[in-house]
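In this chain, numbering begins with 1 at the start of the sequence shown. These numbers come from a predicted model, not from an experiment.
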Amino acid sequence: MAAAGAWGVTAAVAGRDRMPRLNRSAPRPAAMPAASTRREGARMAAAGGPQRCLVIGGTRFSGLYLVQELLARGHEVVMYNRGNTPIGDPKLMIPGESQADFDARNARTSVIVGDRTNGEELRDKLAGLKFDAIFDNNGRSLEDSAPLVDAAADMGVKHYVYMSSAGVYLKSDVMPHVEGDPTDPKSRHLGKAQTEAYMVDAGIPYTSIRPTYIYGAMNYNPLEQWFFERLAAGRPVCVPGHGAHLTGLGHVRDLATAMAATIETDASVGQVYNIQDRHAVTFDGVVRTAATAMGMDPAAVELVHYNPKDFDFGKNKAFPFRPQHFFTSPNKGLRELDWTIQYDLASGWKDAYENDFVPKQAQGKLKNDWVTDDMVLGR
């Protein structure tokens with residue numbers, strides 16, 4: 001067990017689902033969720049009042065939804081980012097958000113302009129400032145996050161929430177992944193696993209969030225778009241393998257509400273939480289879910305299965321998911337946090353289609369890249 005850190009929090013905070021040490025060798029609208037507003041008073045009372053939150057990033061996808069959610073709960077938000085997209089930029093308006101709500105959100109948000117990958121600059125910019133909570137939303141490597149972790153004590157931070165990834169888990173024959181499962185030292189998300197271990201060793205009051213595939217309006221990873229584009233064009237959908245691999249998906253709104261909920265209970269300190277929908281879905285099922293969201297007959301969709309080892313796609317991405325079973329259980333978060341999953345697959349994909357794909361299609365912003373498909377189809 002690591003020594004207690006500056007807050008007196010030890011590396012193993014509780015006996016419940018401890019983070020393993022890294023081996024070092026019915027949908028709501030897309031705008032502000034009404035449920036958050038209705039329960040704000042109770043949450044604030046339970047948490048002892050509004051908290052001053054530092055959000056690293058905050059202007060792209062999950063970070064943007066997180067900022068909106070924190071403000072809806074009455075917290076104060078200060079963002080730390082490069083300032084490339086200033087507060088008030090129309091690109092930051094979440095689909096379904098009114099102009100009045102957007103203006104109100106902007107009026108309650110401030111930003112510190114800086115590069116989080118420059119540790120010296122980050123320390124200088126944050127020197128002397130105080131925050132109750134930090135949301136480390138975009139740290140990919142230990143080098144990204146270590147300076148912020150090290151500075152947290154001087155800032156009086158009571159809760160450090162880290163955006164990790166379910167991609168840290170070691171591939172297993174036993175599914176779903178739960179929070180105590182071993183991590184993969186060869187994972188491409190190794191930097192996140194190393195950061196988790198660093199937080200444990202530092203003894204800080206951390207919570208680590210491990211989402212699976214996150215989707216929703218404003219997603220910069222064109223996950224849903226990949227399926228919608230092919231269906232809208234009337235093309236066959238090429239699926240690697242047998243199509244029965246199960247994968248986990250989570251709506252960005254549910255991710256944001258889970259992250260915000262972590263700072264409103266002491267029970268989340270020292271814990272890891274998987275975030276996704278309650279169910280896993282097969283690759284073929286994702287195609288049919290997308291078709292249903294578009295108002296199409298899912299039974300009429302043409303699916304083409306192929307062996308990805310038979311093709312050299314080069315650097316082209318032929319499919320948005322890894323060709324294996326990959327899903328987690330969100331039950332721990334549902335038990336321990338004031339959190340519920342609002343979007344199931346049907347409502348979530350309908351939201352993504354109506355609030356993201358349809359506007360992009362109307363604006364001519366689709367990729368329509370069929371290179372890998374044509375290789376599979378022999379065209």
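Within the model, atoms CG of Leu190 and CZ of Arg140 stand 14.0 Å from one another, a figure rounded to the nearest 0.5 Å. Between atom CD1 of residue Ile209 and atom CZ of residue Phe135 there is a gap of 8.5 Å, rounded to the nearest 0.5 Å. A distance of 5.0 Å separates CD1 of Ile112 from CG of Leu129, quoted to the nearest 0.5 Å. The OG atom of Ser164 lies 7.5 Å from the CE atom of Met199; values are rounded to the nearest 0.5 Å. Considering CD of Gln324 and CE of Met175, their distance stands at 7.5 Å, rounded to 0.5 Å. Note that the OG1 atom of Thr183 and the OH atom of Tyr169 stand 9.5 Å from one another [nearest 0.5 Å].
A donor-acceptor pair is defined here as one N or O able to donate and one able to accept, closer than 3.5 Å; no such pair exists between the side chain of His75 and the backbone of Pro50. Of the possible polar contacts, one joining the Thr212 side chain to the Gly248 backbone as a donor-acceptor pair under 3.5 Å is found. Looking only at distances, no side-chain donor or acceptor of Asp89 sits under 3.5 Å from a matching main-chain atom of Thr85. Distance alone, capped at 3.5 Å, places no donor-acceptor pair between the Ser145 side chain and the Leu142 backbone. A donor-acceptor contact shorter than 3.5 Å is absent between the side chain of Asp373 and the backbone of Met375. Side-chain atoms of Thr265 never come within 3.5 Å of backbone atoms of Thr262 as a donor-acceptor pair (strictly under, hydrogens ignored). Formation of a donor-acceptor pair under 3.5 Å by the Asn118 side chain with backbone atoms of Glu121 is found in this model. A donor-acceptor pair under 3.5 Å links the side-chain atoms of Glu97 to the main chain of Ile94, judged by distance alone.
Looking at Leu126 and Leu54, their side chains come closer than 4.5 Å, going by heavy atoms from C-beta outward. Within the 4.5 Å cutoff, the side chain of Thr109 has heavy atoms near those of the Leu71 side chain. Two residues are said to be in side-chain contact when any heavy atoms from C-beta on lie closer than 4.5 Å; Arg210 and Thr328 fail this criterion. In this structure, Leu64 and Arg60 have side chains that are not in contact, with every pair of non-hydrogen atoms separated by 4.5 Å or more. Residues Thr195 and Ser141 fail the side-chain proximity criterion, which asks for heavy atoms closer than 4.5 Å. Residues Gln342 and Thr340 have side chains in contact (heavy-atom distance under 4.5 Å, counting atoms from C-beta outward). Counting only heavy atoms from C-beta outward, the side chains of Met294 and Lys350 never approach each other to under 4.5 Å.
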Check against salt bridge (Lys or Arg N to Asp or Glu O under 4.0 Å), Asp132 and Lys158: CA-CA 5 Å; Asp132 298 300; Lys158 303 178 183 69; 2.9 Å; yes
side-chain contact (heavy atoms from CB on, under 4.5 Å) evaluation trace for Leu92 with Phe102: CA-CA 9 Å; Leu92 300 181; Phe102 182 57; 4.1 Å; yes
Candidate pair Phe228 and Trp349, rule ring-ring contact (aromatic ring centres under 6.0 Å, His included), full reasoning: CA-CA 10 Å; Phe228 291 144; Trp349 279 69; 5.5 Å; yes
Arg52 vs Val78, side-chain contact (heavy atoms from CB on, under 4.5 Å): CA-CA, chis, key distance, verdict: CA-CA 8 Å; Arg52 179 171 162 84; Val78 179; 3.7 Å; yes
Residue pair Val239, Val304: steps toward the side-chain contact (heavy atoms from CB on, under 4.5 Å) verdict: CA-CA 6 Å; Val239 177; Val304 176; over 6 Å; no
Verdict with reasoning, Asp101 to Arg105, per salt bridge (Lys or Arg N to Asp or Glu O under 4.0 Å): CA-CA 6 Å; Asp101 286 342; Arg105 174 160 64 88; over 6 Å; no
ring-ring contact (aromatic ring centres under 6.0 Å, His included) evaluation trace for Trp339 with Tyr273: CA-CA 12 Å; Trp339 176 60; Tyr273 295 104; 8.5 Å; no
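In summary, the side chains of Tyr206 and Glu196 do not present any donor paired with an acceptor at a separation below 3.5 Å, with no hydrogens or angles considered. Defined by atom type and a distance below 3.5 Å, a donor-acceptor pair is present between the side-chain atoms of Ser347 and Asp344. A donor and an acceptor atom, one from each side chain of Thr207 and His159, are located under 3.5 Å apart. Defined by atom type and a distance below 3.5 Å, a donor-acceptor pair is present between the side-chain atoms of Tyr198 and Asp150. Side chains of Tyr160 and Asp136: a donor on one and an acceptor on the other come within 3.5 Å. The closest side-chain donor-acceptor pair between Gln225 and Arg230, if any, does not fall under 3.5 angstrom. Between the side chains of Lys332 and Gln271, at least one donor N or O lies within less than 3.5 Å of an accepting N or O. Using modelled atom types, one finds no donor on one side chain facing an acceptor on the other under 3.5 Å when comparing Gln276 with His251.
A cation-pi contact, defined as under 6.0 Å to the ring centre and within 45° of the axis, is absent between Arg116 and Tyr80.
Aromatic ring orientation, Phe311 versus Phe313: parallel (interplanar angle below 30°, classes split at 30° and 60°).
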Acceptor/donor pairs from residues 283-292 side chains to any protein atom, 3.5 angstrom cut, sequence neighbours excluded:
{"from": "Asp284", "atom 1": "OD1", "to": "His305", "atom 2": "NE2", "distance (Å)": "2.9"}
{"from": "Asp284", "atom 1": "OD2", "to": "His305", "atom 2": "NE2", "distance (Å)": "3.1"}
{"from": "Thr289", "atom 1": "OG1", "to": "Gly285", "atom 2": "O", "distance (Å)": "2.8"}
{"from": "Thr292", "atom 1": "OG1", "to": "Arg288", "atom 2": "O", "distance (Å)": "2.9"}

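For the pair Arg73 and Glu264, the salt-bridge criterion is met [side-chain N within less than 4.0 Å of a carboxylate O]. Remark: Lys130 does not engage Asp154 in a salt bridge, criterion side-chain N to carboxylate O under 4.0 Å.
In this structure, Gln51 and Ile263 approach most closely via the heavy-atom pair NE2-O, 2.9 Å. Looking at every heavy atom in both residues, Ile341 comes nearest to Pro330 through CD1-CG, 4.1 Å. Val55 and Val67 get closest at one heavy-atom pair: CG1-CG2, 4.2 Å. The shortest non-hydrogen separation linking Pro147 to Arg123 is CB-NH1, 3.6 Å. Looking at every heavy atom in both residues, Glu229 comes nearest to Lys367 through OE2-N, 2.8 Å. When all heavy atoms are compared, the tightest approach of Ile56 to Leu148 is CG1-CD2, 3.6 Å.
Around CZ of Arg108, the count of heavy atoms belonging to other residues, nucleotides or ligands within 6.0 Å exceeds 12. Residue-environment remark: CG (Asp310) exceeds the threshold of 12 foreign heavy atoms within 6.0 Å. More than 12 heavy-atom neighbours from other residues, nucleotides or ligands sit within 6.0 angstrom of CD on Gln363. Environment of NZ in Lys360: crowded, with over 12 heavy atoms of neighbouring residues, nucleotides or ligands closer than 6.0 Å.
A ring pair (Phe, Tyr, Trp, His ring centres under 6.0 Å) with Phe227 is found for one member of Phe357, Tyr215, Phe321 and no other, namely Phe321.
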